[in-house]
Structure formats: structure tokens, C-alpha cells
Amino acid sequence: MAPSFADKLLAWFDNHGRKDLPWQKDKTPYRVWVSEIMLQQTQVTTVIPYFERFVERFPTIDTLANASQDEVLHHWTGLGYYARARNLHAATQQVMADYNGEIPLEPETLESLPGIGRSTAAAIVSICSGKRATILDGNVKRVLARIFTIDGWPGNTRTLKALWEKAEILTPTKRAADYTQAIMDLGAMVCRRSSPVCDKCPFCTECQAKLSDAIHLYPGKKPKKALPVRATTMLVIEADGNILLEKRPPQGLWGGLWSFPETTDKTPEEFIQDLSLELTTQEPLESFRHTFTHFHLDISPVRATVKGTMDGISDRERFYWFNPTNPRELGLTNPVTRVLNTLQSSGTIK
Ligand code: SF4
């Protein structure tokens, strides 16, 4: 009998798959869960140092559940897609409250927790319990779309349904944990988005996209739409070497992170006056663009030195004087790290 898809993949995995990733050592449901959330939208090589620092600071589910959101976001700063961190934090609190700290290894139950979708739930269950559960992350979508020439953009409902059906059929009952890791590895290491290494692929002689010289057409591309552009002024307000930061609302863009105050309807002078601070100097800094999934944000930072203290600022939960030379552990937005790095490397601030 010809070897099945799973047999071929597992034979490849036994020889070439990754078995030394940090979350594969001391494997616990908590560590696997953290890794799977970090790996959503982020590559393994980027995730590894973040994962190691994160689990060193929050080694168990209760340490994460009991941490403040500021600490959690601080350890996520730079990894992006911060809703992942907020949801993970909230989900650990839910597991502590509802499941006595035991992560429920059932796909439907896991899927009811914040931030865990169908594929992530299946990955955690299969890797941690060895039970059969089908995954379909970005890597797997690419592999299946190419091998079976499944047309269309995977964000399209019909294409997604076809990919899930194929993934379900192929997932074996035996060696479920290895299969999950194997298909993710094949996508990440061999069937890469650009320049797939087909001569190292166990499906080289049967991959429909390869045989028809059409790899570049699979998976189908997202229909192009020009991203809208928004603009904002960010105030880099400085007093005695401290920088005023404002906490973003808990949900939405950069939710819960600390950023520079923004003003759209007031001049910098008016904004600063409202905080009972006295403007001494101001200068525009170099503008830059930050691109989100749905729009570009053109940011014009203005550096303002002021006289005054926290005394005039009534909302202490919302504003914070951040000392870059002795930084508190906070989650910072990308513009804050970027502007502070520039000012520090030019010697403008310490
Ligand atoms: S043959 Fe090439 S395109 Fe097809 S699955 Fe393998 S690596 Fe991907």
C-alpha cells in the first residue's frame, strides 16, 4: 500500500523536523499555549527570545494570571499584535477562576477562552495530549493550497472551508502531536512563502502546484485595496529628563500600552496648558509612518520641554512621567521606543 500523506510527512519529520525549540523542552500545556499565541503572526526565530524572557518572568499560569497588565505588556513590547497579550492574560485569569488553574485540553473548551481560535486550540490539544485535533495555521494553509492546488485567498470563506476539509481528512489519529509539529515545520522550513525548497520536500513529486509550475499562484493573494492614511501629532513632553506618557484605552489600537499623548483638535500649547504645565520650548521631530493591518498612520512628533510636575495632572492612572534612564516595566508603543531610541542615540535625552 502506498504511504499515506501523514506517513510521508512523519518520515520527513523524524529526520528533519524541529525537536529542540524552547517550548518543546519542559513541555507543559502552559508553555505550549504561550508559544502558540506568540507564533500567531510571528516567525519562530523572532518568537524564541521573547518566549524565553516571558516564561522566565511568568513561569506558570498563576504567575501570569496574577501579574499586572503593565508587566505583561512590557514583556510583549516589540512583538506586536498586543491583543494577543491582553487576551492571553485574561484567559489565564479565567483558567484560574473556572478550571482551578488546570488548562482544559479539549478543543471546544479552549476555544471559548479569549484569543484562542480553532487552529490554536487544536495545536495545544494535540501537542499536549496527543489527541487527534486538526490545525490550520498560515503555514498549513500554504502547504495544502500548493500540494492540492486549492484556489482562492484563504481569507475567503469558500477557500477556507476547502482547506479545513482537506486538513481534517489528512490528520491522522496516531502520532497526532508529531503530525501537528511536522506540518507546521514543513511550512516554515521547506514550503516557505517565498523560495520554497521543493527538492527537500517529501511531496515534491506529487505537489500539484510544483508539477504545474504554478507555485507562485498558491495560496491565492488577498485582493488588493489601498490602505487609508490617517495622521496624528504625538507630543514628546519632557520635564527634567522625564517623558510624559499616556495610557491607551484597554481595547483597540495599542490597547493598554503607554504612548505619547496625541492631539488632533488642540495645539501643543493648548494641550500642555490643560495639563497645568508651562511650555518652555518646542520643536518638530522627524515624521514617520507606522502601518497597521488596516491603515497607515502618519505620525508627526513634536518635542516640547515644559516646567511643572505631576501635581497639575489629576488622572494619575492615565498619565505617567517615564524616566528613560531608569525605566519602569511598562508596555510601550512602537512610536515611543522608536522616538526615545532616536533621542537617546543622538544624545538629545539621556
Ligand atoms: S513541492 Fe514545493 S511547493 Fe509543493 S509542497 Fe513541497 S515545498 Fe511546497
Side-chain angles (χ1 to χ4, degrees), residues 1-21 23-24 35-36 38-48 117-127 132-224:
M1 202 169 77
S4 69
F5 182 91
D7 291 337
K8 280 192 185 179
L9 183 60
L10 287 164
W12 171 84
F13 174 74
D14 288 339
N15 288 319
H16 306 287
R18 295 179 289 196
K19 297 164 193 98
D20 294 318
L21 295 169
W23 44 91
Q24 293 174 319
S35 72
E36 285 298 324
M38 287 188 169
L39 288 165
Q40 292 168 352
Q41 291 127 328
T42 312
Q43 292 194 344
V44 166
T45 43
T46 307
V47 163
I48 287 175
R118 179 174 168 186
S119 182
T120 302
I124 297 169
V125 169
S126 61
I127 291 172
R132 179 186 183 279
T134 300
I135 68 154
L136 186 68
D137 68 359
N139 282 326
V140 182
K141 287 174 188 166
R142 185 168 61 252
V143 169
L144 299 185
R146 286 176 176 170
I147 296 178
F148 301 100
T149 50
I150 296 171
D151 291 320
W153 170 52
N156 172 310
T157 313
R158 194 184 307 176
T159 306
L160 189 62
K161 185 163 176 277
L163 287 165
W164 270 115
E165 282 169 4
K166 188 55 88 177
E168 287 283 359
I169 291 168
L170 298 172
T171 306
T173 310
K174 286 187 187 159
R175 297 190 65 190
D178 285 347
Y179 179 85
T180 292
Q181 189 63 50
I183 193 142
M184 290 194 292
D185 284 359
L186 187 74
M189 299 163 65
V190 175
C191 192
R192 301 184 302 219
R193 192 186 310 270
S194 52
S195 26
V197 206
C198 299
D199 57 349
K200 299 243 182 328
C201 177
F203 302 104
C204 189
T205 57
E206 62 204 271
C207 170
Q208 296 300 312
K210 163 90 175 122
L211 294 176
S212 55
D213 201 14
I215 297 171
H216 60 292
L217 298 179
Y218 295 91
K221 302 247 178 326
K222 183 178 180 177
K224 269 222 165 32

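Both ligands and their constituent atoms are indexed starting at 1 by order of listing. Owing to the predicted nature of the structure, the values given are computational and were not obtained by experimental measurement.
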Worksheet item: Can a donor-acceptor pair be found between the side chains of Glu36 and Thr120 at a distance below 3.5 Å?
Response: no
What are the atoms of ligand 1, with element, lying closer than 4.0 Å to any heavy atom of [X]?
X: Arg146; result: 3 (S)
X: Ile215; result: 3 (S)
X: Cys207; result: 1 (S), 3 (S), 4 (Fe), 5 (S)

Discussion item. Taking N, O or S atoms only and a limit of 2.8 Å, check whether Cys191 reaches atom 6 (Fe) of ligand 1.
Written reply: no
Discussion item. Atom NZ of residue position Lys19 - does it have more than 12 heavy atoms of other residues, nucleotides or ligands inside 6.0 Å?
Written reply: yes
Practice prompt. Among all protein heavy atoms, pick the one closest to atom 5 (S) of ligand 1 and tell me residue, atom and distance.
Written response: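 Its nearest protein heavy-atom neighbour is Ile147 CG1, 3.5 Å.
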Worksheet entry | Parallel, tilted or perpendicular: ring planes of Phe203 versus Phe5, cut at 30 and 60 degrees | parallel
Worksheet item: Sub-3.5 Å donor-acceptor pair from the side chain of Asp185 to the main-chain atoms of Gly17, do we have one?
Response: no
Discussion item. Just verifying a value: how many Å separate Met184 CE and Ser119 OG, rounded to the nearest 0.5 Å?
Written reply: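 The distance works out to 8.0 Å.
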Discussion item. Let me check your reading of the structure: within less than 2.8 Å of atom 2 (Fe) of ligand 1, is there an N/O/S atom from Cys198?
Written reply: yes
Worksheet entry | Cys201 near atom 4 (Fe) of ligand 1: N/O/S under 2.8 Å | no
Discussion item. A side-chain contact here means heavy atoms from C-beta on lying under 4.5 Å apart; do Lys200 and His16 qualify?
Written reply: no
